[in-house]
Amino acid sequence: QAKKAGGNGFAFYAAEMSALAREHLALENQLRQAIENREFHLHYQPQHDLQSNAIVGVEALIRWNRPGQGMIAPLKFIPVAEMSGLIVPIGEWVMQEACRQAQDWQMRGAEPIGVAVNVSARQFKDPELITKIAQCLESTGLDPHLLELELTESIVMEDPANSAARLKKIRDLGVSISIDDFGTGYSSLSYLRQFPIDILKIDRSFVRDVNVDAHNAAIVTAILAMARQLQIGVVAEGIETAEQQAFLAQHGCGIGQGFYFSKPVPPADCEKLFERRPARTLAFGIVR
Ligand code: C2E
Ligand code: MG
Ligand code: MG
Ligand code: MG
């Protein structure tokens with residue numbers, strides 16, 4: 001009886017797997033078409049100085065509007081893009097477009113706005129990465145100090161020796177490096193000494209109840225104290241309420257982003273936010 005149940009369970013599992021595999025394959029093919037048909041665009045979420053409220057930078061976030069299917073969430077297609085390697089050309093496009101946009105805003109009279117771009121594991125491992133970043137800065141004319149690359153702890157910890165060398169080369173271009181979703185990885189903190197890191201982005205799971213949950217408050221204040229000692233900047237992600245904003249500002253968090261300020265929005269809407277709150281300070285490179 002047990003064996004039979006097990007057998008059925010396995011058969012069910014195998015069927016599930018192939019359904020998932022089929023879905024992946026379909027998505028992969030659609031992604032290939034999406035690259036060709038230019039179905040991607042970027043939204044930008046402003047990052048605010050928590051003392052002055054000024055916008056000091058934006059994070060570029062990819063959007064895929066698949067004709068007839070509507071928006072497909074990055075959390076759904078980025079992993080497939082990553083596994084298939086398609087993230088490399090997609091990521092290149094993201095970086096190029098984000099730099100172009102940031103430079104364009106500045107050319108049309110906005111204060112210099114930093115732009116943060118998410119970099120995936122596969123992209124970080126690309127031996128051509130440094131050359132591609134340099135080419136991107138060259139072709140768009142963007143000041144390298146205005147570009148920030150967001151990497152997660154697990155990406156940089158996969159191969160620490162190579163990461164250190166690679167991060168240094170990125171830094172040598174004048175580009176800043178931030179650790180995204182900080183606090184959610186399983187890595188030791190020692191990498192903060194080994195790697196040239198400019199900014200820690202406190203994960204939104206710690207920000208969520210920071211003003212009411214003593215544990216989250218303790219974690220966030222500890223991160224802030226540590227970052228101050230190490231002279232690393234901090235960006236809090238996922239600020240949704242005035243209470244969270246106030247808590248973070250009071251405890252010396254430099255920069256924040258989240259729905260409280262704005263959702264990620266198309267470039268034209270983002271420009272309107274700049275007009276309301278002109279930038280005064282640069283988001284990136286503050287600690288250097
Ligand atoms: P992430 O880099 O940690 O980006 C933050 C995510 O949190 C974004 O989701 C953003 O819309 C969302 N968010 C921002 N503020 C709030 C808030 O106050 N509350 C809540 N609940 N959510 C908030 P999104 O755009 O769906 O992106 C999800 C993830 O997909 C990103 O997480 C990033 O890991 C990845 N991703 C997005 N764009 C790119 C890209 O161009 N390249 C790569 N490699 N990954 C990307
Ligand atoms: Mg990010
Ligand atoms: Mg993040
Ligand atoms: Mg996150």
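Order of listing sets the numbers, starting from 1, for every ligand and every atom in it. Heads up: numbering here begins at 1 and tracks the sequence. Note that the structure is a prediction, hence the values are computed from the model and not measured.
With respect to the Mg ion (ligand 2), E59 has OE2 as its nearest N, O or S atom. The closest approach of D181 to the Mg ion (ligand 3), by N/O/S atoms, is made by OD1.
The G258 neighbourhood of ligand 1 comprises atoms 15 (N), 18 (O), with distances under 4.0 Å to a heavy atom of that residue. Atoms of ligand 1 found under 4.0 Å from any heavy atom of D181 (numbered from 1 in listed order, with element): 3 (O). The atoms of ligand 1 that sit less than 4.0 Å from any heavy atom of P264 are 11 (O). Atoms of ligand 1 lying under 4.0 Å from any heavy atom of D180, numbered from 1 in the order shown and given with element: 1 (P), 2 (O), 3 (O). The ligand atoms of ligand 1 that sit less than 4.0 angstrom from a heavy atom of G238 are 16 (C), 17 (C), 18 (O). Listed by atom number, the atoms of ligand 1 under 4.0 Å from Q45 heavy atoms are 14 (C), 15 (N).
For H43, no heavy-atom contact with ligand 1 is shorter than 4.0 Å. At a heavy-atom cutoff of 4.0 Å, ligand 1 is contacted by the side chain of V94 but not by its backbone. The proximity of R63 to ligand 1, defined as any non-hydrogen pair under 4.0 Å, is limited to the side chain. Using a 4.0 Å cut-off between heavy atoms, E82 makes no contact with ligand 1 at all. Both the backbone and the side chain of S120 come within contact range of ligand 1, each with a heavy atom under 4.0 Å. Only the backbone of I239 comes within 4.0 Å of ligand 1, judged by heavy-atom distances.
Between R208 and E240, no side-chain nitrogen of the basic residue sits less than 4.0 Å from a carboxylate oxygen of the acidic one, so the salt-bridge criterion is not met. Using a cut-off of 4.0 Å between Lys/Arg side-chain N and Asp/Glu carboxylate O, R32 and E28 are scored as salt-bridged. Residues R122 and D126 are not paired through a salt bridge, judged by the lack of any N-O separation under 4.0 Å between the basic side chain and the carboxylate. Using a 4.0 Å cut-off between a side-chain N of Lys or Arg and a carboxylate O of Asp or Glu, E92 and K132 qualify as a salt bridge.
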Intermediate values then yes/no, salt bridge (Lys or Arg N to Asp or Glu O under 4.0 Å), K201 and E59 = CA-CA 12 Å; K201 295 193 73 178; E59 178 176 1; 2.9 Å; yes
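No side-chain donor-acceptor contact under 3.5 Å links D181 to the backbone of T184.
When the options L151, V117, N118 are ranked by their closest heavy atom to atom 2 (O) of ligand 1, first place goes to N118. Compare F40, F259, F77, F124 by their heavy atoms: the one nearest to atom 13 (N) of ligand 1 is in F259. Nearest-residue assignment for atom 20 (C) of ligand 1 (options R122, Q257, E240; heavy-atom criterion): E240. Of the listed options E59, R204, K263, R204 places a heavy atom closest to atom 6 (C) of ligand 1. For the residues S262, P79, P74, the heavy atom positioned nearest atom 24 (P) of ligand 1 is part of P74. Among T241, L61, I90, the residue whose heavy atom lies nearest to atom 4 (O) of ligand 1 is L61.
Hydrophobic clustering of Ile, Leu, Val, Met, Phe, Trp and Tyr side chains at less than 4.5 Å, counting indirect connections, keeps L248 apart from F259.
Among the backbone and side-chain atoms of E237, an N, O or S atom lies under 2.8 Å from the Mg ion (ligand 3). The Mg ion (ligand 3) lies under 2.8 Å from an N, O or S atom belonging to D180. With 2.8 Å as the limit, E150 does not count as an N, O or S neighbour of the Mg ion (ligand 3).
Note: Y191 and F195 have tilted aromatic rings, judged against thresholds of 30 and 60 degrees for the angle between ring planes. By the 30° and 60° cut-offs, the orientation of the rings of W64 relative to F40 is tilted.
Within the 4.0 Å heavy-atom shell around ligand 1 one does not find G91.
Inter-residue side-chain proximity for Y44 and P267 is flagged as met; some heavy-atom pair is nearer than 4.5 Å.
Here the CG-OG distance, from L151 to S178, works out to 7.0 Å after rounding to the nearest 0.5 Å.
Of all non-hydrogen atoms in L27 and K76, the two that sit nearest each other are CD2-O, 3.9 Å.
Counting heavy atoms of neighbouring residues, nucleotides and ligands inside a 6.0 Å radius, atom CD of Q69 exceeds 12 of them. Shown here is R193, whose CZ atom has no more than 12 heavy atoms of other residues, nucleotides or ligands within 6.0 Å.
Looking at ligand 1, you won't find any N or O of I78 less than 3.5 Å from one of its N or O atoms.
For Q45 and Q257, the side-chain atoms include at least one donor-acceptor pair closer than 3.5 Å.
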